[in-house]
*Asks:* 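Dumping the structure here so I can ask a few things about it.
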Amino acid sequence: MQIRIAEEKDYPDIIKIYNHAVDEKFATADTEHVTVESRIEWFAQHSPETYPIYVAEEKEVIIGWCALSPHRPGRKALKTVAEISYYIHRDHRKKGVANSLITYTIESAKSLGFKNLISILLDLNKPSIYILEKFEFEKWGHLPNVAEINEMICGQFIFGRKI
């Protein structure tokens with residue numbers, strides 16, 4: 001497996017993997033599939049020098065990705081905080097892909113000058129809670145009953161880690 005900076009040609013695979021999470025109903029707050037076109041602005045926020053997106057590739061196939069995103073863009077007091085997000089292709093889970101991507105991204109975040117990482121996730125997302133705790137993220141907040149997915153109400157956790 002190789003980890004590298006995402007390129008524009010990777011966008012369809014990144015979206016495909018993200019839409020797997022949409023289908024699962026607990027791994028993202030999006031309730032409908034997204035498209036590359038609908039995420040152009042999101043991709044534009046992610047330059048390798050500031051907020052990179054990394055892809056894990058095996059035999060030239062994207063099997064997962066991890067991104068650092070701005071938290072409350074424009075608020076200078078929060079410039080050393082980044083949100084970390086990660087998604088693994090459903091056929092490549094439980095194979096160490098997430099561990100490798102998150103480890104790589106945390107090291108990258110340090111060299112980019114970030115001091116805190118946060119992850120915002122649905123409180124039903126037990127696999128992500130497990131992996132975040134494995135990487136020493138702590139529960140920094142809970143927004144109870146703020147999300148409705150298929151008539152089910154759930155909350156969001158904010159996990160954080162100083163780096």
*Asks:* Apply the test side-chain contact (heavy atoms from CB on, under 4.5 Å) to residues Ile149 and Phe26: give CA-CA distance (whole Å), side-chain angles for both, the deciding distance (0.1 Å), then the verdict.
*Replies:* CA-CA 8 Å; Ile149 299 176; Phe26 70 89; over 6 Å; no
*Asks:* Find the distance between NE2 (His20) and NE2 (His89) and round it off to the nearest 0.5 Å.
*Replies:*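 The distance works out to 4.0 Å.
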*Asks:* At what distance, to the nearest 0.5 angstrom, does CD of Glu133 lie from CZ of Phe159?
*Replies:*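 Output value for this atom pair is 4.5 Å.
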*Asks:* Answer yes if Ile62 and Ile3 sit in the same cluster of Ile, Leu, Val, Met, Phe, Trp and Tyr residues linked by side chain heavy atoms under 4.5 Å apart, and no otherwise.
*Replies:*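 No, it is not one cluster - the side chains of Ile62 and Ile3 are not joined through contacts under 4.5 Å.
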*Asks:* Is any side-chain heavy atom of Thr35 less than 4.5 Å from a side-chain heavy atom of Ile15?
*Replies:*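 No, their side chains stay 4.5 Å or more apart.
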*Asks:* Working to the nearest 0.5 angstrom, can you tell me the gap between Ser119 OG and Gln156 CD?
*Replies:*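 Going from the OG atom of Ser119 to the CD atom of Gln156 covers 10.0 Å.
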*Asks:* If you count every heavy atom of other residues, nucleotides or ligands that lies below 6.0 Å from Gln2 atom CD, does the total exceed 12?
*Replies:*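 Buried by this count: over 12 neighbours within 6.0 Å.
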*Asks:* Would one find more than 12 heavy atoms of other residues, nucleotides or ligands at under 6.0 Å from atom NZ of Lys110?
*Replies:*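 Count over threshold, so yes.
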*Asks:* Can you confirm whether Lys95 is buried at NZ, in the sense that more than 12 heavy atoms of other residues, nucleotides or ligands lie under 6.0 Å from that atom?
*Replies:*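 Enclosed: over 12 neighbouring heavy atoms sit under 6.0 Å from NZ of Lys95.
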*Asks:* Can you say whether the rings of Tyr18 and Trp65 are parallel (under 30°), tilted (30 to 60°) or perpendicular (over 60°)?
*Replies:*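 The arrangement is tilted - the two ring planes meet at 30° to 60°.
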*Asks:* Could you report the tightest heavy-atom contact between Ile14 and Ala6, atom names first, then the distance?
*Replies:*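 Where Ile14 meets Ala6 most closely, the heavy atoms are CD1-CB, 3.9 Å.
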*Asks:* Side-chain heavy atoms under 4.5 angstrom apart, residues restricted to Ile, Leu, Val, Met, Phe, Trp, Tyr: same cluster for Phe43 and Val55?
*Replies:*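 As far as the 4.5 Å side-chain criterion goes, Val55 and Phe43 are connected within one cluster.
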*Asks:* Do Leu117 and Ile158 belong together in a cluster built from hydrophobic side chains that touch within less than 4.5 Å?
*Replies:*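 Shared cluster, no.
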*Asks:* After noting the C-alpha distance and the side-chain angles of Asn19 and Lys16, does the key distance pass the side-chain contact (heavy atoms from CB on, under 4.5 Å) rule?
*Replies:* CA-CA 5 Å; Asn19 283 333; Lys16 177 182 171 186; 5.9 Å; no
*Asks:* So which heavy atom on Tyr54 is nearest to which on Thr105, and how close?
*Replies:*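 Shortest heavy-atom separation between Tyr54 and Thr105 comes out as CD1-OG1, 3.5 Å.
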*Asks:* I'd like to check Asn125 versus Pro127 (side-chain heavy atoms, cut-off strictly below 4.5 Å). Are they in contact?
*Replies:*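 When only atoms from C-beta onward are counted, Pro127 and Asn125 do touch, with a gap below 4.5 Å.
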*Asks:* Measuring from His92:NE2 to Met1:CE, what's the distance to the nearest 0.5 Å?
*Replies:*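 His92 atom NE2 to Met1 atom CE measures 11.0 Å (nearest 0.5 Å).
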*Asks:* Would Ile84 and Ile131 show up in the same hydrophobic cluster when neighbours are defined by side-chain heavy atoms closer than 4.5 Å?
*Replies:*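 Hydrophobic grouping puts Ile84 with Ile131.
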*Asks:* Can any side-chain N or O of Thr103 pair as donor or acceptor with the backbone N or O of Asn99 at less than 3.5 Å?
*Replies:*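 Here the side-chain-to-backbone pair exists.
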*Asks:* Using modelled atom types only, decide if a donor and an acceptor are shared between the side chain of Asp123 and the backbone of Gly155 within a distance under 3.5 Å.
*Replies:*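 Yes, Asp123 side chain to Gly155 backbone: donor-acceptor pair under 3.5 Å.
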*Asks:* Shortest non-hydrogen contact from Gly64 to Leu101?
*Replies:*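 Residues Gly64 and Leu101, closest heavy atoms: C-CD1, 3.6 Å.
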*Asks:* Testing the basics here: between Ile120 and Ile118, what is the closest heavy-atom pair and its distance to 0.1 Å?
*Replies:*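 Result for this residue pair: CD1-CD1, 4.2 Å.
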*Asks:* Once you round to the nearest 0.5 Å, how far does OG1 of Thr80 lie from NE2 of His71?
*Replies:*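 Output value for this atom pair is 10.5 Å.
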*Asks:* May I ask you to check whether over 12 heavy atoms, not counting those of Lys59, lie within 6.0 Å of atom NZ?
*Replies:*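 No, because the 6.0 Å sphere around NZ of Lys59 holds 12 heavy atoms or fewer from other groups.
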*Asks:* Taking the side chain as every heavy atom from C-beta outward, state whether Thr28 and Tyr87 have any atom pair closer than 4.5 Å.
*Replies:*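 Sidechains of Tyr87 and Thr28: in contact.
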*Asks:* Will you find, in the side chains of His33 and Asp23, an N or O donor that is under 3.5 Å from an N or O acceptor?
*Replies:*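 There is such a pair between these side chains.
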*Asks:* Is there a donor-acceptor contact under 3.5 Å linking the side chains of Tyr86 and Ser128?
*Replies:*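 Indeed, the side chains of Tyr86 and Ser128 share at least one donor-acceptor pair under 3.5 Å.
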*Asks:* Donor-acceptor pair, distance only, cut-off 3.5 Å: does the side chain of Asn116 make one with the backbone of Ala82?
*Replies:*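 No; zero donor-acceptor contacts below 3.5 Å.
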*Asks:* Do Ile102 and Leu132 sit in the same hydrophobic cluster, where Ile, Leu, Val, Met, Phe, Trp and Tyr count as joined when their side-chain heavy atoms come under 4.5 Å apart?
*Replies:*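 Linked within one cluster.
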*Asks:* Within the structure provided, determine whether Ile129 and Leu121 are in side-chain contact (heavy-atom separation under 4.5 Å).
*Replies:*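 Yes - at least one pair of side-chain heavy atoms lies under 4.5 Å apart.
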*Asks:* Looking at Val34, is its backbone amide N or carbonyl O close enough to the side chain of Ser38 to form a donor-acceptor pair, meaning the two atoms are under 3.5 Å apart?
*Replies:*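 No, Ser38 side chain to Val34 backbone: no donor-acceptor pair under 3.5 Å.
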*Asks:* Taking the side chain as C-beta and beyond, is there a heavy-atom pair between Ile5 and Ile53 under 4.5 Å?
*Replies:*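 Ile5 does not reach Ile53 side chain to side chain.
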*Asks:* How far apart are the closest heavy atoms of Glu57 and Ile63, and which atoms are they?
*Replies:*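 Scanning both residues, the minimum pair turns out to be N-CG1, 4.4 Å.
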*Asks:* Does anything in residues 24-43 form a salt bridge (Lys or Arg N to Asp or Glu O under 4.0 Å)? List the pairs, not counting sequence neighbours.
*Replies:*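 Listed by first then second residue: Glu24-Arg93, Asp30-Arg39.
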*Asks:* For Thr50 and Ser47, does a side-chain donor sit closer than 3.5 Å to a side-chain acceptor?
*Replies:*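 Note: Thr50 and Ser47 side chains meet the donor-acceptor criterion.
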*Asks:* Can you confirm whether Val22 sits close enough to Thr31 that some side-chain heavy atom of one is under 4.5 Å from a side-chain heavy atom of the other?
*Replies:*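 No, their side chains stay 4.5 Å or more apart.
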*Asks:* Taking Phe135's backbone N and O only, do any of them form a donor-acceptor pair with Arg161's side chain (distance below 3.5 Å, no angle check)?
*Replies:*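 Confirmed, Arg161 side chain pairs with Phe135 backbone.
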*Asks:* Can you label the angle between the His46 ring and the Tyr51 ring as parallel, tilted or perpendicular, going by 30° and 60°?
*Replies:*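 His46 and Tyr51: perpendicular rings.
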*Asks:* If you measure from CG on Leu124 to SG on Cys154, what distance do you get to the nearest 0.5 Å?
*Replies:*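 Separation between the atoms: 4.5 Å.
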*Asks:* Work out which heavy atom in Ile163 is nearest to a heavy atom in Ala109; give both atom names and the distance.
*Replies:*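 Closest pair (atom of Ile163, atom of Ala109, distance): CD1-CB, 3.6 Å.
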*Asks:* Could you tell me if the side chain of Trp42 sits less than 4.5 Å from the side chain of Ser69, heavy atoms only?
*Replies:*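 Yes, close enough: below the 4.5 Å cut-off.
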*Asks:* Under 4.5 Å between any side-chain heavy atoms of Ser85 and Cys66, yes or no?
*Replies:*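 Answer no - side chains too far apart.
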*Asks:* Identify whether the distance between the nearest side-chain nitrogen and carboxylate oxygen of Asp10 and Arg4 falls below 4.0 Å.
*Replies:*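 So Asp10 pairs with Arg4 through a salt bridge.
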